[in-house]
Each structure stands twice: as structure tokens, then as C-alpha cells.
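This report concerns only the one structure given below.
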Amino acid sequence: MILTPETLAFLMAAALTASCIDAMAGGGGLITLPALMAAGIPPVQAVATNKLQSCFGTFGACLAYARRGHMDLKTYRTPVIAAFIGSVGGAWLLQRVDPSILAGLMPALLITIAAYFTFSPKLGEADRHARVGIAALSGLIGVIGFYDGFFGPGAGAFYTTIFLALGGLSILRATAQTKAANFASNVAGLLTMVAGGHVLWVAGLTMAIGSIIGGQVGSHLAMRFGSRLIKPLLIIMSLALTTKMLIDPKNPIHIYLFG
């Protein structure tokens, strides 16, 4: 599939914006996936290409958080592995069934996340007592990894909510660990999609340039402002994305739900 320079520039700009938001609160896929589909790319190829560009952005964000000491891969390596394994299963299934099975759950899940962050107690900058053990946490992260490989949009917000509400991490550390899990599920989904021959390399690598820049900007903003920025952005993104997916006819979830 050949894309014009104007279309590639549009996709790069979309990736930059999405990656910046994704590094702080997740949900970037609800920007890049509609952009890819608006460019005339079929759904499965759009998901596959989105994985390629997102890998670069999440990897850059991971490095930024790790350099500042906010990421603990030694303690949370099992959830990251679970995200990888889950994503392989999701990406494999995507190539064989209709994604509308999970797309229909997205509005309710995002509204639940918005409600949690709106009515939850004040989110501090320090870790709290974990409500579940590492095994249960890994299982839940693996489920989100499956969703990320199968479809993707909103996965970052789901990861963050689990690390924060059940893992007991501070909002900044939960965001940092989210990037590690998100990178693992992106890589796993990408490898599975590459094996299926669905990735559009020119579009994906062009978007990767914007994704790298956006990921760096977003992660540094999150580390500078912490919960003052992340919490309201999570609420706004969850509600905005729910509205967009239901009313925008070019949004992939709208297409899967309403045709």
C-alpha cells in the first residue's frame, strides 16, 4: 500500500500527539488507530502498524522513567512477562476473529476508570500497601496484555489502574511500570503481526519518529508534575475517548460496534 507524503506527515503528527499523551496517562491508541484507518488502512493492518510505531514510543518512555529511578523491573518482571505472553495470544486471535468481541466492552471499562480516579482518595506520590500478590497482579496484567495484542486502545490506562489500585504503587511509579508492561505487549503483538505479514513498514517507521519525540516529552512532563497532571489527564482521556469512540464514525471501535 502506497501512502502520499501528506498522509505520512499526518500520521507522524498523530503519533507524536498520541505518544505524548500515552506516556502520561495511556489511551494514545485511540488517536493513532483512527488516524491509520482514516488513511485507508484496513483494521488488522492498522492494529499491526500501530504496534510498530508504539514500540518506539513506549521504549523511549521506559528509558526516561528508568533513568530517573521510577521503574523496578526486578520486582515487577513477572507482570511484564505476563503482558508479553498475553499479547502474543491476543495478536494471534486478532488474525482469526472479529475484534468487535472486545470493542464493545471499551466504553464501560473507560467510564469505570474515570469514576475510580474521580472518586478515589487522594493519590499520593508514595507507594501504599498492595491489595494483591505478585501472582494475581501478573494474571491481571496478562489479561490486559491479551487485550493489547488483540486490539489495544486504552491498554495503558488499564495497566496504570491495576498497578495503582491493586499493586499499591504511587501514581508515578504505576505509570512507569505501565510503560514497561506496555512495551512488552507492544513487542509481542508486533512480532506476532510481523509473522502474519500485516505490518505496513513505511507508515509504521514514519510514525515511529513522532512516537519517540512524543514519548520523551510526555514522560518528562509526568515526572515533573506527578499526580497533579496524571490523575486529571487519566480522567479526561477516559471520558473523552469513550465519547469519541461512540460518536466518531471513523473511530475503529465505532466501526466495530455500529458498522
Keeping [X] on the side-chain end and [Y] on the backbone end, is there a donor-acceptor pair under 3.5 Å?
X	Y	answer
Ser87	Ala83	no
Ser219	Ala61	no
Arg96	Leu93	no
Ser185	Gly145	no
Gln216	Ala64	no
Lys51	Asp148	yes
Gln53	Thr49	no

With a 4.5 Å limit on heavy-atom distance, are the side chains of [X] and [Y] in contact?
X	Y	value
Leu3	Val202	no
Met71	Arg173	no
Met12	Met207	no
Trp201	Val194	yes

- prompt: In the hydrophobic clustering (ILVMFWY, side-chain contacts below 4.5 Å, transitive), which residues join Leu191, or is it alone?
  reply: Phe59, Leu63, Phe84, Val88, Phe183, Val187
message: Under the rule for side-chain contact (heavy atoms from CB on, under 4.5 Å), what residues qualify as partners of Ser19, not counting sequence neighbours?
response: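 With sequence neighbours excluded, Ser19 shows a side-chain contact (heavy atoms from CB on, under 4.5 Å) to Ser211, given in chain and number order.
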- prompt: What pairs with Val143 under side-chain contact (heavy atoms from CB on, under 4.5 Å), at least two apart in sequence or on another chain?
  reply: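 Val143 satisfies side-chain contact (heavy atoms from CB on, under 4.5 Å) with no other residue.
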